Amino acid sequence: MKKFILLVIMLIALFLTSCGSEGGETTTFVESTNALTTAPVTENVSFAIADTQAVREALSGFNDVMLDNTQLTQKSFSNNSSAEEKVKNLLLSEVISERFSSEDETLPVFVRFTITDLNTDGIPEVVLEDSGNLLKEVLFYSGGKVYGFDFTGRGMQSLKTDGTYTGTGGMEINYIYKLTFANNNIIEETLAYKDIYAEIPYKISGGEVSEQEVDAFFASQREKTDVSWCTFNTANIERYFK
């Protein structure tokens with residue numbers, strides 16, 4: 001009987017441990033696996049943004065786009081320089097339906113955002129994430145216009161305050177990236193990768209390295225500070241962009 005009671009207690013503990021996220025948390029993919037983890041959504045955060053005229057103009061532009069008062073210029077993102085560029089003027093509310101057009105499935109919605117200087121030029125960008133972690137939308141301000149670029153959930157993970165992030169192409173295929181912007185286009189720079197299927201499986205800053213060296217580089221990346229996220233709603237847009 002005692003053994004039976006102990007077994008029941010162990011099963012209950014296992015069930016509680018395996019339960020999903022609770023209120024105040026959102027689900028994100030873990031690097032290089034299909035496992036899920038919970039990342040807290042912190043309200044009343046303090047974003048590291050300078051108070052300059054250029055920053056205020058950018059925040060005002062983001063405010064109008066995020067409230068769906070103004071269209072953004074949505075541009076296709078590709079590391080293939082020969083790929084045909086696709087440009088559309090869309091409301092932010094139209095971005096997901098444009099990306100995931102489907103009559104049979106319920107489309108995700110944007111649920112959180114962060115404000116961070118991805119290219120360290122002193123002007124912030126905005127990154128939005130959807131409810132299924134299928135898409136991240138990067139908003140970039142230039143010349144009085146807001147440009148949008150979408151990434152897959154696996155293509156932009158673990159975003160750090162220095163603008164770096166990881167991406168994965170599957171098991172044993174992982175990258176560390178940083179974005180820059182030129183001529184109102186986005187450029188994704190590969191800082192390091194480990195890809196056992198590549199001719200050169202381990203690289204840092206374009207140079208071949210050992211597996212131990214790239215593992216140490218990825219370990220130091222994980223130790224960097226994550227960006228803070230806010231719930232995507234009217235109250236937070238008015239709080240952080242006005």
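Bear in mind the structure is a predicted one, so any value in this text is a computation, not a measurement.
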Are any side-chain N or O atoms of S131 and backbone N or O atoms of V109, one a donor and one an acceptor, separated by less than 3.5 Å?
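Yes, the answer is positive, given that a donor and an acceptor are paired below the 3.5 Å cut-off.
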Sequence neighbours left out, what passes side chain to side chain contact (heavy atoms under 4.5 Å, CB included) with T161? Give chain and number order.
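Here the qualifying residues are T225, V227.
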Rounded to the nearest 0.5 Å, what's the gap from [atom1] on [X] to [atom2] on [Y]? Could you check?
| X | Y | atom1 | atom2 | value |
| --- | --- | --- | --- | --- |
| N174 | Q157 | CG | CD | 8.0 Å |
| T164 | Q221 | OG1 | CD | 3.5 Å |
| F140 | N119 | CZ | CG | 6.5 Å |
| S205 | F217 | OG | CZ | 5.5 Å |
| D195 | T168 | CG | OG1 | 9.5 Å |
| L72 | L91 | CG | CG | 8.0 Å |

Can you tell if the side chain of [X] reaches within under 4.5 Å of the side chain of [Y], non-hydrogen atoms only?
| X | Y | result |
| --- | --- | --- |
| K145 | N184 | no |
| L134 | I96 | no |
| Y147 | T73 | yes |
| Y177 | F151 | no |
| Y193 | I204 | no |
| D150 | K136 | no |
| D51 | R56 | yes |
| L179 | E188 | yes |

Do Q74 and E137 pass the side chain to side chain donor-acceptor pair (under 3.5 Å) test, and can you show the C-alpha distance, the side-chain angles, and the key distance before you say yes or no?
CA-CA 10 Å; Q74 185 73 6; E137 175 79 359; 3.2 Å; yes
Parallel, tilted or perpendicular: which fits the ring planes of F241 and F62, with parallel below 30° and perpendicular above 60°?
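Perpendicular: the ring planes of F241 and F62 meet at over 60°.
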So F113 and Y240, would you call those rings parallel, tilted or perpendicular, with 30° and 60° as cut-offs?
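Plane angle over 60°, so perpendicular.
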F181 vs I123, side chain to side chain contact (heavy atoms under 4.5 Å, CB included): CA-CA, chis, key distance, verdict:
CA-CA 11 Å; F181 300 90; I123 308 298; over 6 Å; no
Using a strict 4.0 Å threshold on nitrogen-to-oxygen distance, state whether [X] and [Y] make a salt bridge.
| X | Y | answer |
| --- | --- | --- |
| K160 | D226 | yes |
| K178 | E189 | no |
| K194 | D215 | yes |

Mind listing the closest non-hydrogen atom pair of S210 and E213 along with its distance?
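Nearest heavy atoms, S210 then E213: N-OE1, 2.8 Å.
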Between T116 and L159, what is the shortest heavy-atom contact and its length?
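Shortest heavy-atom contact: CG2-CD2, 4.3 Å.
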What's the verdict on side chain to side chain donor-acceptor pair (under 3.5 Å) for N236 and T231, showing C-alpha distance, side-chain angles and the deciding distance?
CA-CA 7 Å; N236 279 336; T231 303; 4.7 Å; no
Side chain to side chain contact (heavy atoms under 4.5 Å, CB included) between Y141 and V126: does it pass, once the steps are laid out?
CA-CA 9 Å; Y141 182 84; V126 174; over 6 Å; no
